[in-house]
Each structure stands twice: as C-alpha cells, then as structure tokens.
Amino acid sequence: MKSKRSYLIILGLAITIIAILGYGCENKASTSKSGGALSSDVASQVYVPPGEYDEFYGFMSGGFSGQIGVYGIPSGRLLKVIPVFSVDPEKGYGFNEETKPLLNTSHGFVPWDDAHHPELSQTNGKTNGKWIFINGNNTPRIARIDLSTFETTEIIEIPNSGGNHSSPFTTENTEYVVAGTRFGVPYPQKDVAINSYAENFKGMLTFVSVKEEGDMDIAFQVLLPAFDYDLAHSGKGNSHGWTFFTTYNTEEKSTLLEVNASQNDKDFIAAVNWKKAEEYIKQGKFKEIPAEYAHNVYDEKSHVATSTLKKSVKVLTPEDCPGLVYFLPTPKSPHGVDVDPTGEYIIGNGKLSADLTVHSFSKMIKAIENQSFETTIEGIPVLKFEEVVAGVVKDAGLGPLHTEFDGKGNAYTSFFISSDVVKWKLGTWEVVDKAKTFYSVGHIMIPGGDSKEPQGKYLVALNKITKDRYLPTGPELCHSAQLYDISGDKMKLLLDFPTIGEPHYAQGISADRIVPNVKKFYPIEENTHQYRAMGEKDARVEREGNIVHVYMTTIRSHFAPDNIEGIKVGDKVYFHVTNLEQDWDVPHGFSVMGANNAELLIMGGQTETLIWEPKKEGVFPFYCTDFCSALHQEMQGYIRVSPRNSNIALSWRLGEDEEI
Amino acid sequence: MKKSILLVATVLIFMACTEPETNPVPENTIENKDLKGQSSVSDDSSEKNVLQVALGSKDHTTLVAAVQAAGLEDVLVNAGPLTVFAPTNAAFDALPAGTVEDLLKPENKSKLAKIIKFHASPGNYQGDLLKDGQRLYQASGDYVQVSKENNEILVHGAKIIATVQASNGVVHVVDKVMLP
C-alpha cells in the first residue's frame with residue numbers, strides 16, 4: 001500500500017515535471033524565434049527545419065562546369081544543377097536527340113563551356129523571377145533558362161567575339177542582355193600574325209535583344225578597339241539607357257599580359273548609350289556584316305530544340321555614330337563595374353589597385369555636354385578623369401574585384417588578395433566594416449544586389465580557394481560559398497558550404513518571386529513531339545530501312561512495349577520515350593545496355609529520344625533508372641538483336657504470356 | 001522517501017528548465033576578429049609561399065616581425081602572384097636608430113602596412129622580366145622604378161642580392177628598405 005502510494009506520488013511528480021519541461025522548452029523555442037537569448041546563435045539563423053523552404057533561391061554559376069547550381073539560402077542546400085552549356089549524362093542533356101541542338105554552334109556541337117555570370121531578368125530594375133541568363137565564355141554564347149521549369153530553353157552564339165566574359169548583365173527591363181568580348185580577335189576573323197594585334201584585332205560589344213516571351217536576337221554590335229572587355233553592368237534609373245564595360249589590356253598586347261597589360265596607369269570603363277544605338281540603327285547607320293552564329297531554341301510543347309545558323313549582324317562604328325561610346329579613365333585594370341541602385345554611381349574595381357574608383361553618372365553627362373575630353377581614341381572621346389570621378393574608397397584592401405549593394409546606402413566590395421569583403425558607404429566613401437573570407441573571394445552576391453531593389457539581408461562570398469576548410473579530397477578541392485548576415489551594422493559569418501564547379505558569380509531572389517510559377521509536370525495533351533505516344537495504345541515500333549523508331553511510354557511501373565524483337569545489328573534504334581505521368585515528381589529514366597551516350601530522364605508529359613546502335617547479337621535489357629515506385633525494380637524490358645540478314649519480323653509486346 | 005523524491009524532482013526541474021539560462025550553451029557566434037585567415041593553413045608538403053620563404057630565412061626576422069605587426073600575413077600566402085622585395089635585417093638596421101621600433105608600435109600599424117605594401121607588386125616579376133627603366137605598380141598604389149647597372153638590378157634604389165622562388169610568386173632579397 002505504502003509503496004503503491006509512493007509510486008503514485010512519483011508518477012504524479014513525473015507528470016508535473018514533464019508538463020513543466022514541455023512548457024519550459026516550448027517557451028524557449030519561441031524565445032529563440034522571436035529574437036531572444038539565442039538570436040545571435042548562427043546555427044539557428046541558417047537552420048531551415050526539414051520540410052520547410054528557404055527564404056531565397058541562390059543561383060550560382062558552375063564556372064568551368066558549364067552549369068548553374070541552385071541553392072537554398074540561408075541553408076546552403078543544393079536544390080538542382082541546371083545543365084546549360086555542358087552535357088549532363090544524369091539528365092541526358094546534350095545526349096538525347098531533343099537537347100543536342102541546344103549545344104550547336106558555328107563550330108559544330110560544343111559539349112562544354114565555362115559559365116560565369118548568372119543574371120536574373122528584371123522589370124523596372126527589379127528581379128522578376130522569369131528567367132536567368134548566363135554567359136558561355138569559351139565559345140561565346142548566352143543562354144536563357146526558364147524559371148518555371150528550371151531548364152535551359154535558349155542559347156545564342158555571339159559572333160566576332162572571343163571569350164564572352166562581360167556578359168550577360170541585363171538592362172532594367174531586360175530589353176537587352178550584353179556580350180563584350182574579353183579577348184580581342186581579328187575582325188573579321190582571318191589568318192594573320194598574332195603580333196599584328198594592334199592593327200588587325202578588334203573588340204566587339206554585342207547587344208542581344210530579348211522579347212517579351214524570351215527569344216533572343218543580336219540587335220547590334222559596337223566595334224571598338226581591341227581592349228579586353230572584362231565585365232559589364234547596365235545603368236538604372238537616370239542611367240537607364242547606358243551600359244558600362246570595364247577594360248584592361250588597353251596596351252593592346254598579345255603576350256605575357258600578366259606584365260604587359262599592367263603598364264597603363266588607367267584603363268577605361270566604356271560607357272555605351274544603347275538608346276542612341278537604337279536611333280542609329282533606325283537611321284540605318286550600321287553596316288550589315290557577314291557573320292555565322294547559331295540560335296538554338298527549345299520548344300516546351302514539342303520538347304525539341306532547333307538550331308538555326310544566322311548569317312549576318314548589324315555593326316555600329318563609333319566614328320560613324322557620335323555620342324554612342326565614351327571612355328571613362330579608371331585606374332589599374334578595373335575588373336568589376338557595378339552600378340548602385342540609384343543608377344548614379346559607377347564603381348570601377350581596379351583589381352591591381354588598393355583603391356576603388358567611383359564615377360558619377362550625372363558628372364559624366366555634364367562632362368559630355370562640356371566636351372571635357374582628354375583625347376579621342378578611334379572616334380571615342382576619353383572623358384577627363386577628374387570631371388567624372390565622384391570619389392575614391394581609399395585603402396580598403398588589396399585586389400578589389402566586385403561590388404554589390406544592400407539598398408540601404410551601403411556597398412560591399414570583394415578584395416581577392418586580402419581575402420576580405422569590405423562594407424563602405426555610398427557618398428562618403430567611408431569604410432565601415434570588414435569581414436574575412438576563406439579564402440580568396442571573387443564575386444559576392446546579395447539577392448538583387450546588382451538591381452534597383454536589393455533584398456539586402458544576406459551576402460554570399462564566392463571563394464576560389466578552400467585549402468583546409470573541409471575534409472581533404474586529394475589535389476582537387478571544392479570551391480565554396482560563404483553566407484554573411486548583413487542585416488546589422490556588422491557583417492556576420494553564418495555558414496560556409498561547398499559548391500559545384502566554380503561559383504563564379506551568383507544571383508539571389510526571394511523565393512516568393514519564383515515558387516508560384518514553377519511547373520510540376522508538362523500537360524500531356526500539349527505534347528506536340530513528332531514521335532510522342534499519347535497513351536499505351538500508341539506504343540509501337542516502326543522500321544524505315546535500318547532506322548527503327550520505338551514509340552515507347554512509361555507509367556508506374558512499366559514500359560510499353562517492354563519486349564521488342566526484330567532489331568538487327570547495324571540498325572539505328574531511336575527510343576522515343578513519352579512519360580505518361582501527370583503527377584508531381586515522377587520522372588522515369590530509361591537506359592539500355594551498351595548505349596554509347598547516356599540515359600534519358602523524362603519528366604511527366606515529356607517525350608525524349610535516345611539513339612541506340614546495337615553492334616552485337618543478343619537480348620539486351622533496358623530499365624527505368626529513376627526510382628519511380630515500389631515496383632521500380634520491375635520496370636524493365638528486353639530488346640532482341642538479330643544478325644543483319646535475319647528474317648525475324650519486327651514485333652513488340654507488353655503483358656502477353658510468354659510462349660512455352 | 002517523499003523528501004528525496006521531491007529533491008530529485010526539484011533538481012530535475014531546475015536542470016531541465018533553468019539550466020540553459022543560468023549556464024547557457026556557448027553561442028555559435030563567430031567573431032570576425034577571432035577567425036584566422038589563410039596564413040594559418042598548415043601545409044608542410046607544398047612549395048613554400050612568400051610568407052614561408054620569409055619565415056624560413058634568418059636574414060629576414062625583422063621583415064617577418066613587421067609583416068606580423070602590420071597584419072599582412074594572409075596577403076603573403078594568397079594565390080598571388082606577388083613579387084616581394086624583401087629587405088634583409090641588415091637593411092632594416094641601416095635605417096636611422098629607433099625607426100623600426102617606432103614602426104612596430106600598434107599606433108603605426110597602417111603606416112607600417114603602407115611601407116610593406118610598397119615592397120610588393122601584384123604580378124610575377126622574375127629577374128628577366130625586370131627591365132631598365134620599367135615602372136612597377138606596387139600594392140601600396142605607388143610606382144617604383146627599375147634600373148639595371150652592371151648586371152645588377154635596382155628597384156627604387158634597392159639592389160636585388162638574391163632571388164627565391166615561392167609557390168605564389170617570387171621573393172627578391174634587397175639590400176635596402178624602400179621608402180615611398
């Protein structure tokens with residue numbers, strides 16, 4: 001009895017304790033969320049609980065991977081790798097027949113590129129979440145990615161260019177994306193001695209127009225001296241209508257640039273008045289110049305990309321078009337050129353300098369009106385430095401590269417050599433904070449940080465070197481992104497995470513501008529693919545000579561047909577696989593033994609095609625590669641390959657009993 | 001028995017609910033000033049970088065002390081490439097008495113940093129790339145003049161007396177401290 005009573009007391013107390021515990025802990029959790037004692041705990045600032053969404057999307061270029069990595073910010077979780085300029089066997093991108101034309105160029109099929117600067121589309125200078133553009137450096141191109149599908153839907157090649165680095169950098173309403181050549185090239189391209197650089201080489205700036213529904217077109221090119229056009233940004237607000245390009249190698253050298261391109265005290269920022277260019281185009285002041293370049297468009301209904309080779313471009317020459325281009329002298333090989341949210345300040349990040357040079361747009365306009373020119377180069381007036389400079393940010397660090405803005409009057413600049421991000425005030429040029437990066441920061445990104453309306457809560461530093469930051473993985477180490485909280489006076493390091501390839505530049509945007517438009521599948525009734533099979537009844541196999549078209553469907557958990565016979569060695573078999581699923585997150589994969597390409601990864605409602613050229617007789621399995629269902633392992637089939645001279649009739653089946 | 005139960009219960013309640021407030025878990029706040037940069041990377045197998053070259057030289061202890069006092073260690077281990085003109089201890093000793101001691105004082109940190117940056121060029125200027133009459137742009141933002149006399153290379157009047165390759169650039173040992 002006594003022991004029973006004590007037992008009850010213990011039980012009672014235990015319940016009380018649990019109740020208090022529960023209450024106490026709940027209380028604490030709510031305190032931390034509302035900014036109480038634990039608000040400075042950085043772990044809680046980047047912790048996004050399982051099942052919850054990040055506040056921002058971060059789009060980081062893959063650099064030499066040629067792709068874009070999509071990350072959640074602040075968690076740093078990798079959400080998707082979007083294949084853009086490089087083939088991706090994981091998704092069949094560049095391997096399936098539908099996407100191969102996207103990678104076509106005037107040099108033929110180019111399966112790789114170096115993708116540096118993602119740039120979100122804008123409306124009135126504000127990121128609109130519709131598209132993201134990115135440049136291909138090596139074989140000059142610009143790609144457009146649709147943010148309702150997160151797929152590459154268009155790629156345009158840039159002629160008369162070599163090293164498309166100062167690109168794509170949109171204008172305020174995505175009227176244009178731009179493409180400045182980093183390397184001077186002979187114009188027109190021809191066989192000349194390399195040391196004839198100064199006389200035969202030119203530098204071309206390209207303005208690519210973007211229509212309401214996408215569709216890029218080269219509107220015009222501007223022919224300039226063969227400087228190296230390094231980076232660009234377009235004006236905004238008052239400076240809307242202008243685009244600014246940095247230059248280095250104004251020495252016009254072609255060898256050992258490390259030394260030879262660092263001789264001049266000042267290089268230039270080229271200011272291009274593209275509204276004026278539009279007038280000159282209307283007036284017919286251009287030359288139509290032969291040029292060969294590919295324009296590749298992916299159709300979301302047919303799920304097929306087409307490639308068209310274009311034959312000419314309109315070229316404007318500053319000598320014939322006064323007022324089109326001005327040079328703003330800027331110290332020491334300026335790298336990034338960044339325009340503040342008001343559009344007044346144009347920041348030249350002189351990468352060999354210890355200082356930042358800030359030009360004023362309104363002073364520039366005055367200097368133009370007053371014709372305050374130092375000299376003229378190939379018809380381009382060079383404005384007097386002191387007439388355009390607004391201020392200098394002194395001794396902020398070593399090796400300034402890029403500047404972004406928080407929309408609260410502050411600018412943030414990355415310094416490569418001193419591995420710092422420096423916060424300074426626009427207008428007073430006063431340095432107010434410094435944060436270390438680990439290590440050797442290149443670009444930095446604030447969501448909307450190069451637009452008119454930055455969403456200045458976080459800053460991401462994109463680092464080139466990680467050395468001892470993570471567990472070592474042999475000589476090749478990952479690059480990294482580092483997340484800083486910039487909501488307060490001082491930058492606060494929150495997180496450090498590895499990235500794919502090289503996170504060269506990045507863009508960020510609040511998720512609410514993208515999420516409502518994201519598609520879950522492609523409506524099957526809209527599928528216009530030439531080789532679609534709209535249902536299993538459509539599934540069939542057709543032969544045209546040695547070409548065999550397999551109209552195949554997938555649905556959980558089988559292929560139709562899943563047995564195919566009558567294929568011969570030497571045939572070219574096209575598996576056109578239509579995924580009949582109309583459900584969220586149910587792709588099917590398709591792979592067949594001995595395929596010399598990759599798999600297919602087919603989204604609901606989509607048709608994709610894999611070519612298979614059997615070289616051996618036998619019976620070869622194919623199967624679904626994406627774990628689609630509980631009976632995914634059963635999603636398999638066979639294709640029988642007979643000798644070239646075989647009489648086995650073409651046949652296919654699904655579900656019929658096997659002959660005994 | 002009851003007392004002991006109550007005691008246990010009180011202790012449990014105390015531990016469960018008040019412990020985090022009275023003895024908080026160390027916050028994961030990261031103070032920038034506490035974070036060590038790239039110069040703290042431990043790596044004994046790679047080719048020596050500019051800082052390691054200086055650290056390994058018994059003739060450059062003053063320079064190393066100055067680099068540390070100016071907080072420029074991370075700069076000298078960065079990817080570079082950097083060309084550093086490294087005055088020897090003797091070169092520092094040749095300065096007027098008290099100069100070095102004065103520069104090493106914390107209040108003169110930025111002045112010292114400026115002088116050290118005056119000894120570094122962004123770029124990899126190996127000996128044969130230094131030409132008579134050439135100007136080099138230094139990390140301080142100033143230019144220095146290169147001259148060649150009787151096969152000797154002088155930079156801003158300081159003679160290169162030895163050259164050591166580094167993984168992130170080159171160290172030219174010079175016989176004078178270069179002053180802007």
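Each chain gets a letter, A, B and so on, in the order its sequence line appears, and its residues count up from 1. The shown structure was predicted, so the numbers you read here are calculated from the model rather than taken from an experiment.
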Worksheet item: Of all the residues in residues 47-68 of chain B, which have a heavy atom that comes within less than 4.5 Å of a heavy atom in chain A?
Response: none

Discussion item. Surrounding NZ of B:K111 (heavy atoms of other residues, nucleotides or ligands, distance under 6.0 Å), is the total greater than 12?
Written reply: no

Worksheet item: Should we count NZ of A:K253 as having more than 12 external heavy atoms under 6.0 Å?
Response: no

Worksheet item: Given that the side chain runs from C-beta out, which part of A:F416 has a heavy atom under 4.5 Å from chain B: side chain, backbone, both or neither?
Response: both

Worksheet item: Where on A:K490 is there a heavy atom nearer than 4.5 Å to chain B: the side chain, the backbone, both, or neither?
Response: neither

Testing the basics here: between [X] and [Y], what is the closest heavy-atom pair and its distance to 0.1 Å?
X: B:A79; Y: A:S440; answer: N-OG, 4.3 Å
X: A:A354; Y: B:A139; answer: CB-O, 3.7 Å
X: B:Q38; Y: A:S419; answer: NE2-OG, 4.5 Å

Item to complete: Give a yes-or-no answer on whether the side chains of A:D265 and B:Y143 include a donor-acceptor pair shorter than 3.5 Å.
Response: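 Side-chain D/A pair, A:D265 to B:Y143: present.
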
Item to complete: Applying side-chain contact (heavy atoms from CB on, under 4.5 Å), run through B:V77 and A:Y439 and close with a yes or a no.
Response: CA-CA 10 Å; B:V77 303; A:Y439 309 103; over 6 Å; no

Roughly how far apart are [X] [atom1] and [Y] [atom2], rounded to 0.5 Å?
X: B:L129; Y: A:L256; atom1: CG; atom2: CG; value: 5.5 Å
X: B:D74; Y: A:I417; atom1: CG; atom2: CD1; value: 13.0 Å
X: B:S40; Y: A:F438; atom1: OG; atom2: CZ; value: 8.0 Å

Item to complete: Using heavy atoms and a sub-4.5 Å threshold, report which of residues 463-470 of chain A line up against chain B, by residue number.
Response: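 Against chain B, the residues of residues 463-470 of chain A that fall inside the cut-off (heavy atoms, under 4.5 Å) are A:I465, A:K467, A:D468.
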
